[in-house]
> 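Below: one structure in structure tokens.
Only heavy atoms go into these numbers, but all of them, side chains included; no hydrogens, no water, no symmetry mates. Residue numbers begin at 1 in each chain, while the letters A, B, ... track the order of the sequences.
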2 protein chains.
Amino acid sequence: MARYQAGIRTEARIIDATRELLGENGLDGTTLKAICDRAGVRAGSFYNLFESKEDAVLQVVKDAIRAVDPHPKRDAPDSLNELVEAYISFVSGQPDVARVYLKIAISGATNGSLGGSMKRHHHRRVARFSSAIARENPELTEAESEVRAEIVLATLSGLAFMWMLEPKFDFEHRARLAVYAPLLNS
Amino acid sequence: MARYQAGIRTEARIIDATRELLGENGLDGTTLKAICDRAGVRAGSFYNLFESKEDAVLQVVKDAIRAVDPHPKRDAPDSLNELVEAYISFVSGQPDVARVYLKIAISGATNGSLGGSMKRHHHRRVARFSSAIARENPELTEAESEVRAEIVLATLSGLAFMWMLEPKFDFEHRARLAVYAPLLNS
DNA sequence: CTCAAAATAGAGTGTATACTCAAAATCTAG
DNA sequence: CTAGATTTTGAGTATACACTCTATTTTGAG
């Protein structure tokens, strides 16, 4: 009936190992052997806790997608400022998760079971940014707000990719400069 | 001594198949069997023309990287306008090549022999955009121009990713709006 | 303590992969 | 036409992969 502590800890170690490997080496670099080695576990233990490798990978990836776009804490709609700051602290505060999001979610978006889930996530994000922009810039039509939302999101993603390419890259600075300084209310 | 026409045509078919598959399915989806099936060739023929699978993949990827950042046609330095329009026509005019470039940029950028080559390419691009921006905006310091170059490139890449996610996405329109309207000379 | 349930180990399975090789087919220069 | 070189074939190899299974060990509630 009840699960044992050992199993729960092992499950967490496996999830952590999977997340790290996905961020470091991508999907094909994340083999079962690599996961088990890093988690300090044998294949049998893995399959006692997970149905398949895909099972563990999907858990990690779906968590990552959820972490980028958390539910609003307050009831009030979010401002563009809040959305951008949330993205910045996502990248800075959970770099492992962010790497998974950028590597797997985006690269795997055009194929496989992630494709659909990623497209939905993307539309949700655009809508959220778009409505914040529309609220703060009443002179824009709905279509114009949406285009601007897409551009802001594209810039944030692009900068995050650069950060992944070179960890020294000052993502925060670029992101704030790109979004606040030039684009809107100009 | 001399190569036969059949071999030259087969080589081209294999390169085309490799490029298409890399763009559609990424690196790990591009198996030898898939390449050979699409090119209408058996494994033995492939290895008569290429040293390894990696050989064919690297040819395609290096071509793609070269296509994004072609040598200037004139002696004169390029304007930001020209650089952006070149990127736009790269994406619109050679979508297969662009897809390879974008997919590999994410998945292969942090590891392997592609990592180094991708990083060098990135720095070359930033320098090129940066010097165009500096020339057209003399009030900016060198560091400021570079940051702006990174932001422009990030936005273009991010928009291109969105285009890859949804082929209907109007990349040209977004790219011109994002770069020309808001960012510089404001 | 006890003992059933849960977790683990580790050898083993089937499959897909990149790649090889010897023989047959095809090409093209002379 | 011919003969040597190139290209193609297709069965075959070794390896790495995800995954299974059974026996053993560990856990923790009663």
> Between the opening five pairs and the closing five pairs of the helix from C/dC1-D/dG30 to C/dG30-D/dC1, how far apart are the helix axes, to 10°?
20°
> Let's see if you can work this out: which of D/dA18, C/dA18, D/dT7 has an atom nearest to the side-chain heavy atoms of B/Lys53?
C/dA18
> Can you tell me the distance, in whole Å, between the CZ atom of B/Phe46 and the P atom of D/dT9?
14 Å
> Over 60° means perpendicular and under 30° means parallel, so tell me whether A/Phe161 and B/Phe161 are parallel, tilted or perpendicular.
tilted
> Name every residue in residues 10-22 of chain A that has at least one heavy atom under 4.0 Å from any atom of DNA chain D, in order of residue number, or write none if there are no such residues.
none
> Considering only side-chain heavy atoms of A/Ser52, which listed nucleotide, D/dT6, C/dC19, D/dC19, is closest?
D/dC19
> Look at the aromatic rings of A/Tyr87 and A/Phe171 and report parallel, tilted or perpendicular, splitting at 30° and 60°.
tilted
> Is any NZ, NE, NH1 or NH2 atom of the basic residue among A/Glu144 and A/Arg148 found under 4.0 Å from an Asp or Glu carboxylate oxygen of the other?
no
> How close do B/Ile8 and B/Arg3 get, counting heavy atoms only, and between which atoms?
N-NH2, 3.6 Å
> Under 4.0 Å from OP1 or OP2 of C/dA9: is there any side-chain N or O of A/Ser45 that close?
yes
> Can you sort out which residues in residues 34-44 of chain B have a heavy atom within less than 4.0 Å of DNA chain D? Ascending by number, please.
B/Arg42, B/Gly44
> Between D/dG4, D/dC17, D/dC19, which nucleotide gets closest to the side-chain atoms of A/Tyr47?
D/dC19
> Nearest-Å distance, CG (A/Leu49) to C1' (D/dC19)?
15 Å
